[in-house]
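The structure under discussion appears below in the form of structure tokens.
Heavy-atom basis, side chains included; hydrogens, waters and symmetry copies ignored.
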Amino acid sequence: MSLHVDRERCIGAGMCALTAPEVFDQDPDDGRVLLLHPEPPTTHRAAARMAAGVCPSRAITLHGQEPGGS
């Protein structure tokens, strides 16, 4: 699984960093998403999927999701 973020679309709500702090952070200057791990390890993939789902601006996209959602 790989992730992509659209910083222009991000509104800085911070849901991603709260949901998956191992994968996402917020830029201290503008509050927008920072992607720490574009290809998160297996142990953090569920949280990364959840973060993408709760993003209010849909600034996070998933690619190559495994069958069965894991």
Side-chain angles (χ1 to χ4, degrees):
M1 176 176 97
S2 65
L3 301 166
H4 174 77
V5 297
D6 182 345
R7 286 182 43 86
E8 295 302 315
R9 189 172 195 163
C10 177
I11 61 171
M15 294 305 297
C16 57
L18 290 171
T19 305
E22 303 85 1
V23 181
F24 303 99
D25 200 357
Q26 284 185 277
D27 189 312
D29 294 327
D30 63 13
R32 293 181 186 179
V33 63
L34 293 175
L35 181 58
L36 303 176
H37 296 287
E39 295 184 8
T42 304
T43 55
H44 300 304
R45 289 180 185 171
R49 279 192 299 276
M50 184 175 289
V54 299
C55 178
S57 63
R58 301 292 182 235
I60 303 168
T61 54
L62 304 172
H63 303 279
Q65 210 167 330
E66 299 90 357
S70 43

Mind checking whether M15 and L35 sit in one hydrophobic cluster, side chains of I, L, V, M, F, W, Y counted as touching below 4.5 Å? no

Minimum heavy-atom separation for T19 to M50, with atom names? CG2-CG, 3.7 Å

Check: S57 side chain, R9 main-chain N or O, donor-acceptor pair, under 3.5 Å: yes

Tell me the closest heavy-atom pair linking H44 and V23, and the distance in Å. CB-CG2, 3.8 Å

Does V5 belong to the same Ile/Leu/Val/Met/Phe/Trp/Tyr cluster as L62, with side-chain heavy atoms less than 4.5 Å apart forming each link? yes

Closest contact, heavy atoms only, C16 versus I60: CB-CD1, 3.6 Å

How about E39 and M1: do any of their side-chain heavy atoms sit closer than 4.5 Å? no

Would you say the side-chain atoms of Q26 pair up with the backbone N or O of V33, donor to acceptor, closer than 3.5 Å? no

For A20 and A48, which heavy atoms make the closest approach, and how far apart are they? CB-N, 4.1 Å

Minimum-distance pair of heavy atoms, taken over all atoms of A52 and R58: O-NH1, 3.7 Å

Shortest non-hydrogen contact between C10 and G12, atoms and distance: SG-N, 3.3 Å

Scan residues 29-38 for pairs that pass side-chain hydrogen bond (donor to acceptor under 3.5 Å, both in side chains), counting only residues two or more places apart or in two chains. R7-D30

